[in-house]
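Comments concern the structure below.
All values below were derived from every heavy atom in this structure, side-chain atoms included, with hydrogens, water molecules and symmetry-related copies excluded. Each ligand, and each atom within it, is numbered from 1 in the order the structure gives.
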Amino acid sequence: MRVSTINLLLLAAILLAPGCNGRKASSVGSDHSVEARVERLLSRMTLAEKIGQMNQVSAGGDVAGYAEALRNGQIGSILNEVDPVKINEFQRICMEESRLGIPLLVARDVIHGFHTVFPIPLGLAATFDPQLVEEGARVAAVEATSQGVRWTFSPMLDIARDPRWGRIAEGSGEDTWLDSRMAEAMVYGYQGRTADSTSMSACIKHFVGYGAAEGGRDYNSTFISERQLRNIYLPPFEAAVKAGAHTLMTSFNDNDGVPSTGNAFILKDVLRKEWGFDGLVVTDWNSMGEMVSHGFGTDRKDVAAKAVAAGVDMDMMTFGFISHLEELVHSGAVKESAINDAVRNILRIKFLLGLFEHPYVDVEASRAVQYAPGHLDAARRTAEESAILLKNDGLLPLDGNSLRRILVTGPLADAPHDQLGTWAFDGEKSHTVTPLAALRERFGARVDYVPGLTYSRQTRERFDDVVAAARKADVVLAFVGEEAILSGEAHCLSDLNLVGSQSELLEALKATGKPVAAVVMAGRPLTIGRDLDNCDALLYSFHPGTMGGPALANLLLGDAVPSGKTPVTFPATVGQVPMYYNHNMTGRPYRNEKLMQDIELEAGQTSLGNTSYYLDSGASPLFPFGYGLSYTTFEYSDQKLDKDVYSPKDTITVSFTLANTGKYDATEVVQVYVRDLVGSVTRPVKELKGFDRITLAAGARRTVQMSIPVRELAFWGLDGRKKVEPGDFQLWVAPDSASGTPLSFKVR
Ligand code: GLC
């Protein structure tokens with residue numbers, strides 16, 4: 001048998017083997033067979049065809065309109081088409097009518113579920129359950145890929161410390177460690193632990209620092225130092241790259257004057273050279289073109305050259321590459337080698353996903369996949385775990401058998417679209433189960449529904465109808481908050497109180513003397529201090545998704561016990577923002593000085609306490625990061641470290657006893673925080689370095705051990721290097737970021 005035949009057979013064997021190219025599907029690397037195929041195809045491409053691969057178009061619904069461009073190889077990827085019949089046609093034109101038969105990368109914002117919608121990512125983070133979040137991302141990938149979508153613009157990893165920013169809904173909150181664990185979970189979930197037809201390329205975004213928009217106003221400038229980037233904002237992206245994320249999206253913001261889409265430091269020095277990322281970098285929607293608006297380029301041709309020079313591979317909706325790159329290459333302004341590098345990154349993903357072998361989907365089969373029972377069950381379990389119990393004066397859980405009449409009220413009680421939250425493009429409200437529907441399913445005619453407000457911003461002077469209904473009820477369940485449209489991209493708020501007359505509705509209900517349980521559905525932490533005074537219990541549910549109704553009903557009735565924890569600080573007032581737990585100590589930390597309302601203002605006083613706080617609201621949040629109640633109580637005791645002194649190569653083992661001292665079997669999210677007391681630069685008062693979900697039966701207790709490698713205490717110090725600095729440290733094992741007694745240790 002001729003050698004070349006053996007090689008072909010060998011190559012075929014490698015390519016057809018499970019996992020396709022002998023590498024974890026969840027990684028983009030230098031697999032020989034993929035690389036060989038990339039090089040061979042690249043060598044056959046004209047410059048125009050290469051540039052066509054770098055062009056992404058929002059082509060939803062318009063196959064005919066783009067057919068010519070597809071035949072000419074001028075489009076490498078489309079977004080916003082999810083109809084499998086149309087996607088098959090898009091692919092067929094590429095595969096059969098273009099010169100080289102290169103399949104499209106079909107993309108969609110599958111942010112927290114495809115058809116089966118899970119809680120918004122901020123709610124996913126509130127579960128502190130990476131395993132469950134991975135399961136949800138896997139469900140999303142199975143549903144989306146069955147229809148031909150093979151690339152999602154998720155997970156969003158933007159650290160957010162400012163709830164005025166509408167997109168706080170889309171990320172994992174304020175903490176770097178939690179964000180990193182969620183990032184890994186979603187990358188593994190989307191891409192799968194092994195390569196197959198359900199692998200959907202993740203896209204980690206928005207690179208980088210977008211959530212630090214000044215004033216919490218979307219698209220605004222950020223001013224993040226390199227040290228802050230390296231210690232706070234970059235680590236989740238690095239974790240996702242290590243988890244094998246296939247793609248990355250540049251962010252809209254200019255940081256320290258440089259728009260991310262033209263920032264070679266982050267896109268080349270950090271992403272490619274330091275982290276070894278060899279996936280695909282795509283711009284955000286027209287973020288290349290917006291560099292003209294930023295004043296970073298003179299026109300579309302200029303910013304196209306700047307984007308390629310910075311390391312961008314694919315242009316989303318500026319059409320800067322397709323319009324100007326050929327000319328820029330011929331003029332010598334852009335080297336063809338840079339184009340080749342970009343196209344390698346694009347083709348690598350297409351080979352990794354097996355698109356050349358399997359560009360089409362089975363339309364019939366895709367229908368059976370959507371909303372599969374297992375998918376809905378996963379969505380319900382996630383919504384249950386994501387809800388946070390912020391107050392309970394003993395009202396919850398309700399005893400369903402003793403309830404003759406239940407009043408359900410509030411604008412979010414039966415809002416099937418809004419319950420899905422922001423970025424739920426393909427969630428169908430016809431499949432949403434609202435709290436009202438779930439409660440009626442359980443209690444039938446015993447449920448009265450008087451919304452009081454038909455939408456959150458509605459204002460009313462009186463609530464006679466609702467009050468009358470409440471007087472007849474045994475319990476009032478009030479679903480308040482914000483609609484999906486008040487959350488998400490470009491939807492920022494300068495006031496975080498419940499909008500409209502929702503607080504007045506709660507006040508009127510409280511005045512009836514009937515027990516009131518409030519459920520807040522929102523895309524951000526709201527300043528609900530006033531509302532907490534007007535209810536006996538409060539569950540916070542970051543837009544819970546398709547199965548939010550059954551989940552909330554189960555929680556209210558004790559069929560599920562709340563375990564969610566705040567993934568972001570809840571400020572007492574919007575004026576305190578930005579407020580986050582892992583802040584620096586400052587030279588004059590707040591010492592609980594009296595607030596102005598408690599001070600007898602005597603003439604001539606000159607100081608009310610020279611520390612860092614607000615006279616009218618102090619410097620403590622309404623709820624700290626990591627906070628959440630249960631129906632049971634947990635007790636932490638016997639906390640101890642395995643050593644007093646560690647070397648940088650050691651692993652810290654902390655052990656403690658956790659006891660469930662209440663009446664309900666329940667799960668506690670135990671958290672480990674560390675503080676570096678003295679550093680070459682000032683360090684946060686504490687940082688999350690570990691968490692775990694521990695389930696205990698009522699009355700049970702367990703000795704728990706958790707390990708923290710000392711290397712996790714490394715940070716970028718004064719010398720611009722990342723390392724563990726020797727010295728004194730403290731460690732807490734606690735139920736939230738504001739509790740616990742520190743244990744001391746040293747690192748030599
Ligand atoms: C949007 C968002 C980005 C999204 C993209 C495609 O403007 O910033 O997160 O993935 O456009 O829809």
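At a heavy-atom cutoff of 4.0 Å, ligand 1 is surrounded by Asp109, Phe153, Arg167, Lys205, His206, Met249, Phe252, Asp284, Trp285, Met316, Trp423, Glu489.
Remark: Arg138 engages Ala141, Val142, Thr198 in a side-chain contact (heavy atoms from CB on, under 4.5 Å) (not counting sequence neighbours). Scanning for salt bridge (Lys or Arg N to Asp or Glu O under 4.0 Å) contacts around Asp299 gives an empty result, with sequence neighbours left out.
Evaluation of the salt bridge (charged side-chain N to carboxylate O under 4.0 Å, His left out) test over residues 164-174, restricted to residues two or more places apart or in two chains, returns Asp162-Arg164, Arg167-Glu170, Arg167-Glu489.
A perpendicular orientation is assigned to the rings of Phe252 and Tyr219, their planes being inclined by more than 60° (bins at 30° and 60°).
Contact check for Met156 versus Trp423: no side-chain heavy atoms found under the 4.5 Å cut-off.
The six-membered or imidazole ring of His112 lies away from that of Phe118, with a centre-to-centre distance of 6.0 Å or more.
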